[in-house]
There are 2 protein chains.
Amino acid sequence: MTSKPHPLRQLIEQFIKLTDAEWEMFPPHLTEKKIKKNEFMLREGQVGRELGYVIEGEMRHFYTRNGEEKTTYFYFENSLVGPYVSCINGQPSLISFEAVSDTRLLVFPYAALQSLYSQSHSWEKFGRLLAEYIALGLEDRMVGLLTLSPEERYVQLLESNKKKIIERIPQHLIANYLGITPVSLSRIRQRLLKK
Amino acid sequence: MTSKPHPLRQLIEQFIKLTDAEWEMFPPHLTEKKIKKNEFMLREGQVGRELGYVIEGEMRHFYTRNGEEKTTYFYFENSLVGPYVSCINGQPSLISFEAVSDTRLLVFPYAALQSLYSQSHSWEKFGRLLAEYIALGLEDRMVGLLTLSPEERYVQLLESNKKKIIERIPQHLIANYLGITPVSLSRIRQRLLKK
DNA sequence: TTCCATCTTTAACCTAGATTAATTTAGTAT
DNA sequence: ATACTAAATTAATCTAGGTTAAAGATGGAA
């Protein structure tokens with residue numbers, strides 16, 4: 001009777017199968033960390049050194065532009081979160097990572113991941129597939145911004161498999177995510193009700 | 001006296017150094033292909049099988065949304081072009097790839113690249129770095145769409161290192177790229193002149 | 001319960017960009 | 001040159017979303 005695999009391992013194995021030996025390279029680098037509501041994993045301007053796996057909670061990341069926050073992503077349990085871009089390019093992050101509610105993470109240094117990449121072709125392949133996955137997601141998001149009106153983006157969000165966002169994120173942050181103001185989103189909802 | 005390295009090898013080696021043996025795995029898969037102005041490398045709905053390297057010319061890619069084209073990228077000499085997303089996920093491409101003017105390419109099957117990935121850790125690493133590079137570019141573009149007004153996006157384009165787009169791409173396609181109509185771009189230019 | 005802060009809605013007004021259509025300019029082919 | 005097509009500008013009108021401000025709703029904390 002084998003014990004249940006680590007949930008993070010399960011997540012990684014959605015990309016690539018690992019031998020036990022390969023997996024075992026990873027856990028020594030993991031540390032549990034709690035972030036309270038409205039606290040930050042990383043603030044804009046800091047260089048990203050570590051990434052995290054969400055055990056439970058909600059997080060978001062946002063840009064600041066002349067004082068205004070622009071949320072571009074939400075994270076829920078069982079997903080990877082963190083200043084991926086800053087880790088890759090070594091530049092100060094343009095993005096802040098904040099807990100929307102109390103959140104528990106497993107964090108690991110990006111350097112540890114890089115070391116796995118170089119030690120093992122399998123891990124390197126995981127790195128490629130992860131980057132490709134992220135690119136597909138970004139592409140999708142970009143196309144939405146370019147080809148849909150705010151109202152259409154909201155409708156698409158309602159109809160998508162991203163129900164968690166609708167259910168668990170406050171409306172003004174959803175508005176932010178859609179690239180509009182809370183006032184505007186409220187009006188859009190009003191308009192849609194009348195149909 | 002060594003001969004000058006292949007320009008495509010130079011491009012790849014901006015990501016990762018290859019031994020001669022590793023590089024030599026690649027050229028057998030390369031074929032030169034000419035695409036005339038307004039002809040397609042791939043049309044929406046087809047599954048992507050091959051990628052290309054632009055020797056000379058200009059290309060663009062665009063989405064179609066209720067009959068309207070939305071250009072999201074331009075390609076010039078010495079860059080990689082093609083239905084990367086479709087190659088990765090095996091789904092019919094949502095994107096069409098068209099030559100803006102007569103273009104010469106070196107094309108190669110995506111399967112050949114995948115085979116290199118699995119044969120060599122170095123090539124796999126190249127795959128990761130390429131995907132990461134693409135993700136960084138998409139992130140950048142997405143942030144621009146989310147945080148800047150059309151006018152600000154145009155100004156940013158003027159001031160960016162993407163001069164080639166301004167110099168070599170017709171204005172109505174630039175408008176498309178900025179997510180606005182040609183009429184609107186013309187007005188924006190007018191407005192900017194008066195400052 | 002009451003109080004306070006946050007979130008959401010509503011209303012009035014403003015503006016950048018969309019739309020439609022007409023005009024001018026530039027490019028290309030014959 | 002001429003004629004034809006595509007590209008760019010200009011003008012008039014319309015509208016979705018922004019802005020500002022005020023009023024309701026919601027939810028905790030004491």
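Every chain is numbered from 1, with letters handed out A, B, ... down the list of sequences.
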A.B. asks: For the helix from C:dT1-D:dA30 to C:dT30-D:dA1, figure out the bend between the end axes, five pairs an end, and round to 10 degrees.
C.D. replies: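 It comes to 40° between the two terminal axes.
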
A.B. asks: With ring-ring contact (aromatic ring centres under 6.0 Å, His included) as the rule and sequence neighbours excluded, what pairs involving residues 128-167 of chain A come up?
C.D. replies: A:Phe15-A:Tyr133

A.B. asks: Could you tell me the separation between the CD atom of A:Glu152 and the P atom of D:dT15, rounded to a whole number of Å?
C.D. replies: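 That distance rounds to 17 Å.
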
A.B. asks: Side chains of B:Phe62 and B:Leu173, heavy atoms from C-beta outward: is any pair under 4.5 Å?
C.D. replies: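 The answer is no; the side chains never approach within 4.5 Å.
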
A.B. asks: Does any part of the side chain of B:Leu94, heavy atoms only, come nearer than 4.5 Å to the side chain of A:Val143, both counted from C-beta?
C.D. replies: no

A.B. asks: Are B:Pro7 and B:Ile55 packed together at the side-chain level, in the sense that at least one heavy-atom pair is separated by less than 4.5 angstrom?
C.D. replies: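 Sidechains of B:Ile55 and B:Pro7: no contact.
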
A.B. asks: 5' to 3' on DNA chain C, which nucleotides open and close the contacts with chain A (atom under 4.0 Å from a heavy atom)?
C.D. replies: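 Listing 5' to 3', DNA chain C meets chain A from C:dC7 to C:dA12.
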
A.B. asks: Could you list the residues that satisfy side-chain hydrogen bond (donor to acceptor under 3.5 Å, both in side chains) with A:Lys33, not counting sequence neighbours?
C.D. replies: A:Glu50

A.B. asks: Is there a donor-acceptor pair closer than 3.5 Å between any side-chain N or O of B:Ser79 and the backbone N or O of B:Phe76?
C.D. replies: yes

A.B. asks: Closest-nucleotide mapping onto DNA chain C: is B:Lys37 or B:Ile180 further toward the 5' terminus? I mean the 5' end.
C.D. replies: B:Ile180

A.B. asks: Can you list everything that forms a side-chain hydrogen bond (donor to acceptor under 3.5 Å, both in side chains) with B:Tyr177? Sequence neighbours excluded, please.
C.D. replies: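 Partners of B:Tyr177 by the side-chain hydrogen bond (donor to acceptor under 3.5 Å, both in side chains) criterion come out as none, since no residue qualifies.
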
A.B. asks: Within the 4.5 Å heavy-atom criterion, are A:Glu56 and A:Thr103 side-chain neighbours or not?
C.D. replies: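 They are not in side-chain contact.
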
A.B. asks: Can you tabulate the close N/O pairs, meaning under 3.5 Å, that link protein atoms to atoms of nucleotides 5-11 of chain D?
C.D. replies:
from, atom 1, to, atom 2, distance (Å)
D:dA8, OP1, B:Gln171, N, 3.0
D:dA8, OP2, B:Gln171, N, 3.4
D:dA8, OP2, B:His172, N, 2.9
D:dA8, OP2, B:His172, ND1, 3.2
D:dT9, OP1, B:Arg189, NH2, 3.4
D:dT9, OP2, B:Gln171, NE2, 2.5
D:dT9, OP2, B:Ser186, OG, 3.3
D:dT9, O5', B:Ser186, OG, 3.3
D:dT10, OP2, B:Gln190, OE1, 2.7

A.B. asks: Under 4.5 Å between any side-chain heavy atoms of B:Glu98 and B:Glu39, yes or no?
C.D. replies: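 Not touching, per the 4.5 Å side-chain cut-off.
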
A.B. asks: Is the closest side-chain heavy-atom distance between A:Tyr53 and A:Leu105 below 4.5 Å?
C.D. replies: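 When only atoms from C-beta onward are counted, A:Leu105 and A:Tyr53 do not touch, as no gap falls below 4.5 Å.
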
A.B. asks: Counting only side-chain nitrogens and oxygens, does A:Thr181 get under 4.0 Å of the OP1 or OP2 atom of D:dG17?
C.D. replies: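 No, no such contact exists.
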
A.B. asks: Write down the distance between CD (A:Glu151) and P (D:dT15), rounded to a whole number of angstrom.
C.D. replies: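 One finds 14 Å between P of D:dT15 and CD of A:Glu151, rounded.
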
